[in-house]
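Quick note on labels: first sequence line is chain A, next is B, and so on, each numbered from 1.
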Amino acid sequence: MTQLLEAIFGGLSIGSVLLLAALGLAIVFGLMGVINMAHGELMMLGAYTTFVVQNAFKGTPLADFYIFFALIAAFLVTALVGLLLERGVIRYLYGRPLETLLATWGVSLILQQFVRTVSWQFVFGVGLFCLLFFGAWWFLARRPDFERLRGWVLWVMGPLSAAIALVSSSLLGNTFKLTVTKPWFGTQGVDVTAPRWLRGGLPIGTGYQLPYTRLFIIALTIVCVLGIYWFLNKTPWGLRIRAVTQNRNMSSCLGIPTRTVDALTFAIGSGLAGVAGVAVGLLGSVSPNTGQAYIVDTFMVVVVGGVGKLVGSIVAAGAIGTVSYIIGSNALGPLVSFSPALTSFFEFFASASMAKVMVFALIIVFLQFRPAGLFPQKGRTVDA
Amino acid sequence: MTTKIAEPSVELSQSSGLRKRRRSLLFEAIAVLVVALLLLLIIPPILTGLGQGVRVNQLGRFLSLAILALGIDLIWGFTGLLSLGHGIFFALGGYAFAMYLQLQLPPGQIPEFFNLYGVNELPGFWQPFYSFPFTVVAIFVIPMIVAAALGYLVFRNRIRGVYFSILTQAALIVFFNFFNGQQKLINGTNGLKTDTSTIFGVLVSDPRVQMVFYGLSILFLAGAYALCRWLTSGRLGRMLVAIRDDEPRVRFSGYNPTWYKVFVFAISGALAGIAGALFTVQSGIITPKAMDVAFSIEMVIWVALGGRGTLVGAILGALIVNFARTFLSEQFPEFWLFFQGALFLIVVTVLPEGILGWFRREGLGWVRSRLRGPKEIETYPSLEEDPDVQYERKNLGD
């Protein structure tokens, strides 16, 4: 009995992390057809934000409740990064999903290296470059003959501001040495510690307990899902998002600002990644590679669930989480002890990484029967 | 006789077109031969003379990666399927060859690493790799079979676009996990070393052997280029482009795109397998890291940078990016990821057709306008070559 409860709970908690991670991705993918490969890195940013907030609150009376501030901060930071990403890169690539995939992969590489190397010197250099380059751009863009100057501005101001930023930041590094050149986070992982009231667990039966952090994550997931459901179904902007998801051209004709909807959705999706990042931070150490560990599972949730369906994502995340937990923890092995071959078969797959192998095989089989996912978009759509 | 007066002129133009095509094909073959001989005979002595002997080995490795890039160009550039899982086929080819090399032992012995994990008997699937002919075939047939099976299961359901990319990536991760976790079967994370074993009685890391593999890389690259060129210039190539541009329409026209896609995916996998074997033997080791997600996505960017849909572009891209990477990570080890990320962004946003595509579209026109040549009119290329159109232009006036 306890073992069964444990299996269900373990699967549920894995599934809830997956769902939290997949939620933002699914909304964005459903709306814009954009696969955001940087989603995992946005989660990582959320986890690092948690780390920063935790350190900021250390020693203050609110230290026990830093997690709530961290949730808000992570949401805001990643939503902002997502907005920048959409405005800066993705909006030029609509209708070219494969190219978007590559571009966001590039962004994810940059973000990974960013958290590894970011230091005061680095921030100063990048900031100075942006100030000079975009300042000049902004200033010159108001000239009437800007179109003629554009190429010139790009090729002269770019290298010039880069050179100035490089020289001055290396000067800064030489004067202040380690105080400015030391990376903030470094390549090593950092640890987010759960607040005191989240340590330990709820004891059930003998020798087993439900960890409070996992319960917290499940609760967080439920809140997020309800929040998104409420947002999509009860607010005017939610209505617009749903309209654009169903038929972009028609919505545009009816006066819905589709570009604004895109930007807003992308920001919200990224913000959800940040919230997922907080949850991931609670589960273990956070390193620049954290995002990579989740990204493919998250995609699988989106593929199995069907595009742009909240229910699909929920069911798929639950199913994938439970199945991989059950296989990974070898819960099936003892059940089939009548057949040694089957037992050894399940034992072969009884580890987290081998469970992935099995789950992937099951997903491929599943897609043979339902290629469009659990809850495909209804209606007469040309397959395109 | 008198009524068919137009006939000879049409035939004439047709045969002259054919002759022109044949001549350009001959020209291309000569160019490939010259480049290959240049790489084989001229470059190594020059590099060794400059004291850069290591670069020859590097060049050999990158040339084998170019074979892989050709395969990706075939499937992405021509067929429009973005595979993020080519690392699987690459690694399968590499492992197949490495297993053969590991088995170059006195009879009765098994590779050393097995002892570490308490395995006393050679696992069954290692047995066939004692035979050299089997290995040579396995290097490209095993990846081909895996690619065909995976492709069939996916394409059968008309899964394509981003879904296909994600599924191939998931498959990659699955294979990675499998190879990484199975210490007892294939030495898991540590991979298989090849440079300490022998081939036909000579140490693999011997410079002469390495030189042979360098030559083989060039040979196979030229062969792969010829194969891809042949595949894409005929009817199959047109079918692939049609699938890329509008698959539903291909299906409505009565073709079944599935088998074309399975076929091209399998060919692409086979090329990746060959590349993997050549790369492994020149770098001395194969580990599950060859199935790293980042590496498989990077392969795509080689093709994108060079210019997709242009076979030469794929080769160029592979060489450029890999040399840029070695150079940059030697100079500024920290910043390679920044550069790589920027490369992805720039190629996708500014250079969507790659270097070669840009050159054909802009650069060539620029050169021509400098030389005051006539400006080429852009229209359907088939229209220009159509004998009927040419006949009408010539005889009926515009």
Side-chain angles (χ1 to χ4, degrees), chain A residues 29 33-35 37-38 88-89 92-93 96-114 116-117 183 187 288 292-293 295-300 302-303 307 348 351-361 363-365 367-373 382-384, chain B residues 76 80-82 84 149-150 152-167 169-182 246-249 251 292-294 297-298 300-301 303-304 308 334-350 352:
Chain A
F29 186 41
V34 160
I35 275 289
M37 294 293 270
V89 180
Y92 302 107
L93 297 172
R96 290 159 61 196
L98 298 180
E99 275 87 349
T100 321
L101 194 149
L102 291 180
T104 46
W105 176 257
V107 171
S108 90
L109 292 180
I110 291 177
L111 284 178
Q112 271 178 43
Q113 189 61 41
F114 174 77
R116 282 195 195 118
T117 53
T187 45
Q292 297 290 311
I295 193 73
V296 170
D297 291 345
T298 315
F299 283 139
M300 290 331 286
V302 177
V303 169
V307 181
F348 185 71
S351 74
S353 61
M354 289 308 286
K356 266 187 191 165
V357 178
M358 183 91 167
V359 169
F360 176 73
I363 286 173
I364 290 284
V365 171
L367 287 178
Q368 301 303 310
F369 299 107
R370 304 201 70 135
V382 178
D383 61 348
Chain B
W76 188 41
L81 299 162
L82 178 61
L84 300 182
L150 188 67
Y152 175 71
L153 287 176
V154 173
F155 297 136
R156 198 176 78 103
N157 294 309
R158 304 180 187 174
I159 292 170
R160 58 207 175 87
V162 205
Y163 285 96
F164 173 71
S165 306
I166 295 169
L167 280 176
Q169 195 183 39
L172 179 76
I173 292 201
V174 161
F175 271 84
F176 174 81
N177 276 330
F178 188 81
F179 277 73
N180 211 19
Q182 297 302 321
D246 197 337
E247 197 183 325
R249 210 175 284 186
R251 206 177 303 120
D292 205 14
V293 173
I297 299 186
E298 200 192 312
V300 174
I301 216 67
V303 177
R308 55 197 171 111
E334 280 183 20
F335 285 95
W336 165 243
L337 266 191
F338 279 131
F339 280 115
Q340 200 188 5
L343 188 68
F344 273 80
L345 285 178
I346 289 170
V347 166
V348 167
T349 50
V350 188

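Of all heavy-atom pairs between B/Ile166 and A/Met300, the closest is CG2-SD, 4.5 Å.
Taking chain B as the reference chain and counting heavy-atom pairs below 4.5 Å, the highest number among A/Ile364, A/Val89, A/Leu109 is found for A/Leu109. In terms of non-hydrogen atom pairs under 4.5 Å with chain A, the most contact-rich of B/Gly181, B/Ala304, B/Ala170 is B/Ala170. Ranked by heavy-atom pairs under 4.5 Å with chain B, the first of A/Leu367, A/Asp297, A/Val107 is A/Leu367. Across A/Gln368, A/Gln292, A/Glu99, the residue that shares the most heavy-atom pairs under 4.5 angstrom with chain B is A/Gln368. Among B/Val154, B/Leu167, B/Thr349, B/Leu172, the residue making the largest number of heavy-atom pairs under 4.5 Å with chain A is B/Leu167.
Of the two parts of B/Leu343, neither the backbone nor the side chain holds a non-hydrogen atom closer than 4.5 Å to a non-hydrogen atom of chain A. No part of A/Met358 comes within reach of chain B, as not one of its non-hydrogen atoms sits under 4.5 angstrom from that chain. Only the side chain of B/Val300 has a heavy atom closer than 4.5 Å to any heavy atom of chain A. Interface remark: A/Leu93 contributes side-chain atoms only to the contact with chain B (heavy atom separation under 4.5 Å). The parts of A/Leu102 that come within reach of chain B are both its backbone and its side chain, each placing non-hydrogen atoms under 4.5 angstrom from that chain. With a threshold of 4.5 angstrom between heavy atoms, B/Trp76 approaches chain A through side-chain atoms but not through N, CA, C or O. In this structure, chain A has a heavy atom under 4.5 Å from the side chain of B/Ile173, while its backbone stays farther away.
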(message) Would B/Ser165 and A/Ile35 count as a side-chain contact (heavy atoms from CB on, under 4.5 Å) here? Give the steps.
(response) CA-CA 10 Å; B/Ser165 306; A/Ile35 275 289; over 6 Å; no
(request) Verify side-chain contact (heavy atoms from CB on, under 4.5 Å) between B/Val293 and A/Trp105, making sure each step is shown before the conclusion. (result) CA-CA 11 Å; B/Val293 173; A/Trp105 176 257; 4.0 Å; yes
(request) Take B/Gln340 and B/Ile301 through the side-chain contact (heavy atoms from CB on, under 4.5 Å) test and state the conclusion after the steps. (result) CA-CA 9 Å; B/Gln340 200 188 5; B/Ile301 216 67; 5.6 Å; no
(request) May I have the step-by-step check of side-chain contact (heavy atoms from CB on, under 4.5 Å) for B/Leu82 and B/Phe164, ending in yes or no? (result) CA-CA 7 Å; B/Leu82 178 61; B/Phe164 173 71; 5.6 Å; no
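Residues satisfying the side chain to side chain contact (heavy atoms under 4.5 Å, CB included) test with B/Ala149, not counting sequence neighbours, are none. A/Gln112 pairs by the side-chain hydrogen bond (donor to acceptor under 3.5 Å, both in side chains) definition with A/Glu41, not counting sequence neighbours.
Put simply, the side chain of B/Val174 does not reach to within 4.5 Å of the side chain of B/Phe178, judged on heavy atoms.
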